Amino acid sequence: MNFEGLRDAGDPVELAKRYNAAGADELTFLDVTATSGDRETTFDVVRTTAEEVFIPLTVGGGVRSVEDVDRLLRAGADKASINTAAVKRPEVIREITQRFGSQVLVLSVDAKRSSDPSLPSGFEVTTHGGRTGTGIDAVVWAREAADGGVGEILLNSIDADGTKNGFDLEMISAVRAAVNVPIIASGGAGSPGDFPAAVAAGADAVLAASIFHFGPVDMIARVKHAIKEAGYPVR
């Protein structure tokens, strides 16, 4: 809930296998405490998952350098997600994309609403798993990162995360208007009906955790059906 009070949802490798069989299009591993805990991404989990699952795998948390991305790709990840390190040193985006290409780098934007008048969009970038405010406007940052070479933007709403009250549609729309790269919407999904609204707001993909981890086994199929019924193409 709001990146706090983390719950154990089970073994990540076993869950990955289950979701793969259930029809998930991609898997995303986000170690939301890797940076705040100053530790590396769990490469063994990535390696084991890549041996068992054959859909694209994005891994984030503790990714700080070209070397980290190289290790992830060698472990079997298809894409790397970066957040805190890019905020601290934006040039790392160019370093990674020049080495591996834009298609491997996902910018994870953990954003929350803010009343700070210096933030034009009203959304602030946070780091360290949502624990630290940066004073950076989330929409401006997304545009700069897209111009800098990131291939996708994973837009996480800290306010909506775990609430099951639906995606932050205003945030999705604001970022969609600012960037041309694909946007993955995350945070707030509570039912299959929440997903088409995120697509309508401008998301190219929709990501969820809680409703899959703790919901019925056919939830992925229900979500895909809802998106298709709303008139959007779905695999």
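Residue numbers count from 1 along this sequence. In this text the structure is predicted, and so the values were computed from the model without any measurement. Basis for what follows: all heavy atoms, side chains included, without hydrogens, waters or symmetry-related copies.
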Checklist entry - How long is the gap from CG on D218 to CD1 on I220, to the nearest 0.5 Å? => result 10.0 Å
Item to check | S173 side-chain N/O to E170 backbone N/O, donor-acceptor pair under 3.5 Å | outcome: no
Item to check | Sidechain N-carboxylate O distance under 4.0 Å for R47, D44 | outcome: yes
Checklist entry - Would you say the side chains of D116 and S118 form a donor-acceptor pair under 3.5 Å? => result yes
Next on the checklist: Does V175 form a side-chain contact (heavy atoms from CB on, under 4.5 Å) with F123? I'd like the steps, not just the answer.
Outcome noted: CA-CA 10 Å; V175 175; F123 297 104; over 6 Å; no
Checklist entry - Can you tell me if E67 uses its side chain to pair, donor with acceptor, with the backbone of R64 under 3.5 Å? => result no
Checklist entry - Is Y19 reaching over with its side chain to a backbone N or O of E14, donor-acceptor style, under 3.5 angstrom? => result no
Checklist entry - Would R222 and F195 satisfy side-chain contact (heavy atoms from CB on, under 4.5 Å), going step by step from the backbone distance to the final call? => result CA-CA 10 Å; R222 295 187 191 187; F195 289 80; over 6 Å; no
Item to check | Between CD1 on residue I82 and CD1 on residue I96, distance to nearest 0.5 Å | outcome: 4.0 Å
Checklist entry - Is it true that the side chains of D110 and T126 contain a donor and an acceptor less than 3.5 Å apart? => result no
Checklist entry - Going by atom types only, do T127 and N83 share a side-chain donor-acceptor pair under 3.5 Å? => result no
Item to check | Atom pair OG/CD1 of S102 and I93 - distance to nearest 0.5 Å | outcome: 10.0 Å
Item to check | Test side-chain contact (heavy atoms from CB on, under 4.5 Å) applied to E26 and I55, I184, T58, D78, the passing residue | outcome: T58
Checklist entry - Under a 4.0 Å N-O cut-off, is there an ion pair linking E124 with R113? => result no
Checklist entry - Salt bridge between R74 and D70, side-chain N to carboxylate O under 4.0 Å? => result yes
Next on the checklist: Check whether R143 reaches the backbone of W141 with its side chain - one donor and one acceptor, N or O, closer than 3.5 Å.
Outcome noted: no
Next on the checklist: Suppose we screen for side chain to side chain donor-acceptor pair (under 3.5 Å). Which residues come up paired with E91, at least two apart in sequence or across chains?
Outcome noted: none
Checklist entry - Do any N or O atoms from the side chain of R176 and from the backbone of V179 form a donor-acceptor pair under 3.5 angstrom? => result yes
Checklist entry - Within the distance-only criterion (no hydrogens, no angle test), does the side chain of T97 pair as donor or acceptor with the backbone N or O of R94 below 3.5 angstrom? => result yes
Next on the checklist: salt bridge (Lys or Arg N to Asp or Glu O under 4.0 Å) for R89 and E95? Distances and angles first, verdict last.
Outcome noted: CA-CA 11 Å; R89 200 172 67 86; E95 293 168 4; 2.9 Å; yes
Checklist entry - When you measure from the side chain of T134 to the backbone N and O of V125, does any donor-acceptor pair fall under 3.5 Å? => result yes
Item to check | Interatomic spacing from CG in L57 to CZ in F29 - rounded to 0.5 Å | outcome: 6.0 Å
Checklist entry - Judged by atom type as modelled, is there a donor-acceptor pair below 3.5 Å linking the side chain of K224 to the main-chain atoms of R235? => result yes
Next on the checklist: So does K112 get a backbone contact from the side chain of D159, meaning a donor-acceptor N/O pair under 3.5 Å?
Outcome noted: no
